[in-house]
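Input: a single structure, listed below in C-alpha cells.
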Amino acid sequence: MQKLSIGVGLGLLSFALSSYAMDMVQAKLIGAVVFLVYLWSSEALPLGVTSLLPLILFPLLGIIDLKATAPNYSKDIIFLFIGGFLLAIAMQKTRLHEITAAKLLSFFPKSAKGIIYALAITSATLSAFLSNTTVTIMLMPIAMFMTSNIRLRVRYLIATAYGASIGGIFTPIGTPPNLILLGFLDDINIAAPTFLEWMFLTAPIVFTMIVVVPWLLSLGLQDEPLACKSSEIQTLTYEQHLLAKILGLLVFLLLLNALIKPLFPSFALNEKLLLLGFGLLLFLPNIQILQWEDTKDMPYEIVFLFGAGFAIAKAFIATGLASTLAGYFTNFASLPLFVLLFLVALFVSFATEITSNTALTSISLPVFYEFAHRNNLPVEIILFTATIAASYAFMLPIATPPNAIIMSSRVIKIKEMAKIGFFINLIGVFIVSATAILFWRYFIG
C-alpha cells in the first residue's frame with residue numbers, strides 16, 4: 001500500500017507542476033503517466049493489472065474516453081506478438097532452442113562475454129532485415145536456455161533485446177520510424193537516402209553500439225559460474241525437424257517480403273498475418289506441435305502492457321501533449337549544433353520510454369522540421385537524429401517491443417532494466433549525436 005501511496009503522490013505532484021505550463025488535460029495526462037510508470041517500475045501492482053489501469057484512468061480523468069482507449073488493447077500489431085509467442089512456446093516445448101543454442105555457441109567463446117556478444121550480434125544482424133519483434137521472440141528461448149544462473153540469464157535476455165534495437169536502425173526496413181522518416185521526406189520534397197546510402201549513414205552507430213553495449217553488459221560477470229547446459233549438437237527429433245522447417249519457411253518469407261515491400265508494395269505480405277498464421281499452423285491435425293493447453297504459458301500481461309503503451313500514445317496525440325513538448329525546442333535554436341542535436345536525441349530517446357516510437361516519430365518530425373526550417377538549421381540532420389534516437393530507448397518495457405518481449409520471461413524486474421537502460425540510453429544519445437556532427441553533416445543535405 002505504501003508504494004501505491006507514493007505513486008499517487010508522484011502523480012499529483014507531476015500534475016500540479018505541469019499545470020503551470022500546460023492546459024489541464026495535458027497536465028492530467030502527465031500525472032497519470034508518471035503514476036503508471038512508477039507502478040511499473042516499483043511493481044506495486046502486478047504488471048497486467050497496472051497495464052489495464054489506463055482503461056479506467058483516462059476516461060475518469062477526462063483525458064480520452066473509453067471508446068478511444070479500449071481499441072488500443074486490440075490493435076493488429078498485438079496479434080503479431082501472439083503468433084510469435086506461439087512459435088516461441090513451440091520451440092520450448094520441442095526443445096529446439098537447445099539445438100539452436102549449441103549451434104550458436106559453436107561460433108563464439110563459451111564464456112559469459114562470448115554469449116552476450118553472440119546474442120547481441122545475432123539479434124542485431126537479423127533485426128536489420130526482419131522485425132525486431134520477431135527476432136527477439138525467436139531468440140528469447142535460446143537466451144533463456146543458455147544458463148540456469150539468474151544473473152547471467154538477465155544479461156543474456158537484455159543483450160538479445162538491446163541487440164534487436166541496435167540493429168533495427170541499420171536499414172530503412174529495420175524498424176517503423178525509419179519508414180516514417182522516408183515517407184515524411186517524400187512529403188516535404190526532400191530526396192530520401194537509398195537503401196545502401198541509409199546503411200552507409202547508420203553503420204558507424206550500429207558498429208559502435210554493438211561493440212560497446214555487450215561489453216558493458218558483460219562487466220562484473222568474469223567470476224560468475226557459467227552454467228551453460230549446451231555442449232553437443234544433438235540429432236533432431238521428428239517434431240524438432242518439422243518445426244525447424246516451419247521456422248525456416250517463415251524466415252524465408254519474411255526476408256522475401258522485406259525485399260519485395262520497397263519495390264512492389266502491392267505484392268507484399270502482411271507480417272502480422274504471417275506471424276499469426278504460422279503460430280496457428282502449429283495446431284493443425286497433421287502437425288499438432290502445440291495443443292490448446294500449451295497456451296497457458298502465454299504471457300497475457302505483456303499483451304495488456306502493449307495495449308497500455310498504445311493507449312498512452314493515443315492520449316499524447318489526442319491531447320496535443322507530444323507536440324507541446326517537442327515545441328519547447330524552439331527555445332534552443334541558438335545553441336551550438338552538437339548541443340542541439342544532443343538535446344533532440346535526448347528528448348526523443350527518453351520520451352519514447354513512455355510512448356510508442358512510431359507515434360512519437362510521426363508527431364515529432366513535423367515539429368522538428370518546422371523548428372529547423374524557421375531557424376535555418378540543417379533539416380535532414382535533425383530529422384535523421386530524431387528518427388534514429390526513437391529506436392534507442394532501453395529503459396522501460398513499453399519503450400520498444402523487444403524490451404516488452406523479454407519482460408514476458410518473468411526473469412527480469414523492471415527496475416533492473418531501467419537501471420541498465422538509463423546508461424545505455426545516454427550512450428546511444430551521445431553516439432547518435434556525435435555521428436550526426438562528425439559524419440552525417442558531410443553527406444546529408
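Because only heavy atoms are used, hydrogens play no part in the values below, and waters and symmetry mates are left out as well, while side chains stay in.
Atom-to-atom distance recorded for I190:CD1 and Y369:OH is 6.0 Å, nearest 0.5 angstrom. To the nearest 0.5 angstrom, I82 atom CD1 is 11.5 Å from L275 atom CG. For the atom pair OG1 (T319) and CD1 (I64), the distance works out to 8.5 Å, reported to the nearest 0.5 Å. Atom-to-atom distance recorded for T352:OG1 and F347:CZ is 8.5 Å, nearest 0.5 angstrom. With values rounded to the nearest 0.5 angstrom, L61 atom CG is found 10.5 Å from M24 atom CE. To the nearest 0.5 Å, atoms OG1 (T435) and CZ (F207) are separated by 12.0 Å.
Distance alone, capped at 3.5 Å, is enough to place a donor-acceptor pair between the W440 side chain and the L201 backbone. For N257 (side chain) and L253 (main-chain N/O), no donor-acceptor pair under 3.5 Å exists by modelled atom type. At least one donor-acceptor pair under 3.5 Å links the side chain of S123 to the backbone N or O of T160. One N or O on the side chain of N425 and one on the backbone of F394 form a donor-acceptor pair closer than 3.5 Å. Using modelled atom types, one side-chain atom of D65 and one backbone atom of K67 make a donor-acceptor pair closer than 3.5 Å. With hydrogens and angles ignored, the 3.5 Å screen pairs no side-chain donor or acceptor of E353 with any backbone N or O of F350. Using modelled atom types, no side-chain atom of S349 and backbone atom of L346 make a donor-acceptor pair closer than 3.5 Å.
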Ignoring hydrogens and angles, write down the donor-acceptor pairs under 3.5 Å from the side chains of residues 165-175, residues two or more places apart or on other chains.
residue, atom, partner, partner atom, Å
T171, OG1, A128, O, 2.2
T171, OG1, G174, N, 3.2

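Annotation: side chain of L39 is not in contact with side chain of K3 (no heavy-atom distance under 4.5 Å). A 4.5 Å side-chain heavy-atom check between L152 and Y156 finds at least one atom pair inside the cut-off. Counting heavy atoms from C-beta outward, E301 and S51 have side chains that stay 4.5 Å or more apart. You'll find the side chain of L249 reaches within 4.5 Å of the side chain of F278, heavy atoms only. Side-chain contact check for L250 versus L87: some heavy-atom pair is nearer than 4.5 Å.
Counted within 6.0 Å of CZ on F430, heavy atoms from surrounding residues, nucleotides or ligands total 12 or fewer; the atom is thus considered open.
Residues passing the side-chain hydrogen bond (donor to acceptor under 3.5 Å, both in side chains) test with E197 are T194, sequence neighbours excluded. For F423, there are no side-chain contact (heavy atoms from CB on, under 4.5 Å) partners, not counting sequence neighbours. A search for side-chain contact (heavy atoms from CB on, under 4.5 Å) contacts involving A311 returns P54, F58, T69, N72, Y73, not counting sequence neighbours.
Taking the six-membered ring for Trp and the full ring otherwise, the centers of F384 and W198 sit less than 6.0 Å from each other. Aromatic ring centroids of F439 and F443 lie under 6.0 Å apart.
Minimum interatomic distance between Y162 and G421 (heavy atoms only, all atoms of both residues): OH-CA, 3.3 Å. Minimum interatomic distance between L216 and R155 (heavy atoms only, all atoms of both residues): O-NH1, 4.3 Å. Residues A32 and I63 approach most closely at CB-CD1, 4.2 Å, considering heavy atoms. The minimum heavy-atom distance between R153 and V411, with the atom names listed, is CD-CG2, 3.9 Å. Here the closest non-hydrogen pair linking A161 and I406 is CB-CD1, 3.6 Å. In terms of heavy-atom proximity, M407 sits nearest to I412 at CE-O, 3.5 Å.
For residues 390-400, the pairs satisfying side chain to side chain donor-acceptor pair (under 3.5 Å) are T400-N403, with sequence neighbours left out. The side chain to side chain donor-acceptor pair (under 3.5 Å) pairs that include a residue from residues 10-33 are Q26-T324, where partners are two or more places apart or lie in different chains.
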